[in-house]
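Take a look at the structure set out below.
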Amino acid sequence: MSDVGRVAIVTGGGTGIGAAAARHLARQGTGVAIIGRREDVLKKTIAEIEGVGGLAMGIQADMADPEAPDRIVNAVVERWGRIDVIVNSAAVIKHAPMGQIKREVIDEHYNTNIRGPILLIQAALPWLKKSDSGAIVNISSSSGSLSIPTQSIYGMTKAALEYLTRSYAAELAPFHIRVNDIAPGPVDTPIHLSWASDDIAGAYKRMAAEVPLGRMGNADELAAWIGHLTDPDGAWVTGVVIPVDGGQTLF
Ligand SMILES: NC(=O)c1ccc[n+]([C@@H]2O[C@H](COP(=O)([O-])OP(=O)(O)OC[C@H]3O[C@@H](n4cnc5c(N)ncnc54)[C@H](OP(=O)(O)O)[C@@H]3O)[C@@H](O)[C@H]2O)c1
């Protein structure tokens, strides 16, 4: 069962920031369980990790399903017998102006972006408590602090995730479990195809122009920060929300 040192669960680990985080953690010797709805993208990322000698497993699951977190935790514990790290990267974003926001869209955002992380942290808590270096990293967004028209529901869930980060950090500190958050600015990942597929080049140009450092970020730049925050070397940091956004939220 225990062919590994530390073990991380990375939701949304098949693509984008989650996949980059999974590759980064695996390079550090962590066994990574990556979670997502699409089997093909999970398999691709697992092959990349295993191809360079890393340890990975994929669990096909919908984080909006309240039964998923227990199933995920059971599968990881069955394979590796421990859980040390959780990276909550899975999320949905759908743009809609006020007046056109459908109830199903509100539910999907809440269930995936908020309830999923809450239930996953709860399900993994007994194992995180057993770890001597338990760490949780939530991935929020600059949209949680900027007022961006048509992103009210997405931004609300990201602001809530930042609140949960601070609240859980205080609650879990007595167990030496650290809880931190990274709030990315615009990063080059497939998520933008879900709202800007009509003119992705134009969307990328507009997003880069919003960033004082003059460009979008890339997923590996985010993964490096996830690595710092989950590493035992970062053991005296908890409850922080770090904007990794090229300065987008400066003004
Ligand atoms: N890219 C940016 O500009 C940016 C900016 C700020 C914040 N963020 C945040 O960064 C995180 C990662 O996004 P990304 O940019 O890396 O985009 P991405 O590549 O689209 O990653 C999102 C991942 O979440 C998974 N996912 C979505 N809904 C899910 C569900 N219900 N159950 C399980 N998995 C689900 C997707 O896989 P499946 O579709 O296969 O399930 C996908 O792998 C998100 O929390 C996002 O809000 C991104």
Side-chain angles (χ1 to χ4, degrees), residues 9-24 32-46 48 58-69 71-72 86-95 104-105 107-117 119-120 136-146 148 151 153-162 164-165 181-197 200 203-204 206-208 210-211 215-223 225-226 241-246 248-249:
I9 297 175
V10 183
T11 71
T15 62
I17 295 168
R23 289 191 297 264
H24 186 99
V32 288
I34 59 174
I35 318 302
R37 293 165 299 183
R38 287 167 295 163
E39 195 178 15
D40 56 335
V41 293
L42 294 177
K43 280 186 171 162
K44 186 167 173 284
T45 300
I46 289 169
E48 285 168 4
I59 301 167
Q60 198 179 359
D62 181 348
M63 288 304 296
D65 171 4
E67 311 295 330
R71 184 164 65 81
I72 292 165
I86 294 186
V87 179
N88 282 308
S89 191
V92 290
I93 176 169
K94 290 189 178 156
H95 289 212
E104 306 82 71
V105 170
D107 291 347
E108 185 186 3
H109 278 79
Y110 171 74
N111 292 343
T112 311
N113 302 6
I114 294 297
R115 192 179 67 184
L119 295 180
L120 181 61
I136 298 164
V137 177
N138 295 319
I139 309 300
S140 62
S141 170
S142 56
S143 301
S145 36
L146 299 169
I148 304 177
Q151 286 192 27
I153 304 304
Y154 174 76
M156 172 190 73
T157 63
K158 294 304 188 176
L161 199 55
E162 292 177 5
L164 280 174
T165 297
D181 179 288
I182 288 173
V187 182
D188 179 7
T189 73
I191 205 167
H192 303 295
L193 293 170
S194 68
W195 62 272
S197 57
I200 194 74
Y204 270 40
R206 286 193 301 279
M207 288 189 286
E210 289 167 7
V211 175
R215 64 170 175 85
M216 290 174 69
N218 66 67
D220 288 331
E221 290 173 301
L222 276 294
W225 285 95
I226 294 167
V241 175
I242 301 183
V244 182
D245 65 2
Q248 189 191 22
T249 48

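This is a predicted model, so every value here is computed, not measured. Every number for a ligand or one of its atoms is a count from 1 in the order of the listing. These values consider heavy atoms only, across backbone and side chains, with no hydrogens, waters or symmetry-generated copies.
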Can you tell me which portion of [X] lies within the under-4.0 Å heavy-atom range of ligand 1? Options are side chain, backbone, both, or neither.
X	value
Lys158	side chain
Thr189	side chain
Val92	side chain

Any donor-acceptor N/O pair, [X] side chain to [Y] backbone, under 3.5 Å:
X	Y	result
His109	Val105	yes
Glu162	Ala159	no
Thr11	Ala90	yes

* Distance-minimising heavy-atom pair for Pro117 and Thr112 ->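 Heavy-atom minimum between the residues: CD-O, 3.4 Å.
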* Asked: Any idea which heavy atoms bring Ile148 and Ser143 closest together, and the distance?
  ->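 Shortest heavy-atom contact: CD1-OG, 3.6 Å.
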Any [X] heavy atom less than 4.0 Å from ligand 1:
X	result
Ser140	yes
Met216	no
Asp62	yes

* For atom 8 (N) of ligand 1, what is the nearest protein heavy atom, given as residue, atom name and distance? ->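 Going atom by atom, the protein heavy atom closest to atom 8 (N) of ligand 1 ends up being Tyr154 OH, 3.7 Å.
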Counting only nitrogen or oxygen atoms and a 3.5 angstrom limit, does [X] reach ligand 1?
X	result
Ile17	yes
Met63	yes
Ile35	no
Arg38	yes

* Which atoms of ligand 1 are found less than 4.0 Å from any heavy atom of Gly36? ->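 Answer for ligand 1: 33 (C), 34 (N), 41 (O).
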* Asked: So, Asp188 and Tyr204: side-chain donor and acceptor under 3.5 Å apart, yes or no?
  ->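 Yes, Tyr204 and Asp188 have a side-chain donor paired with an acceptor closer than 3.5 Å.
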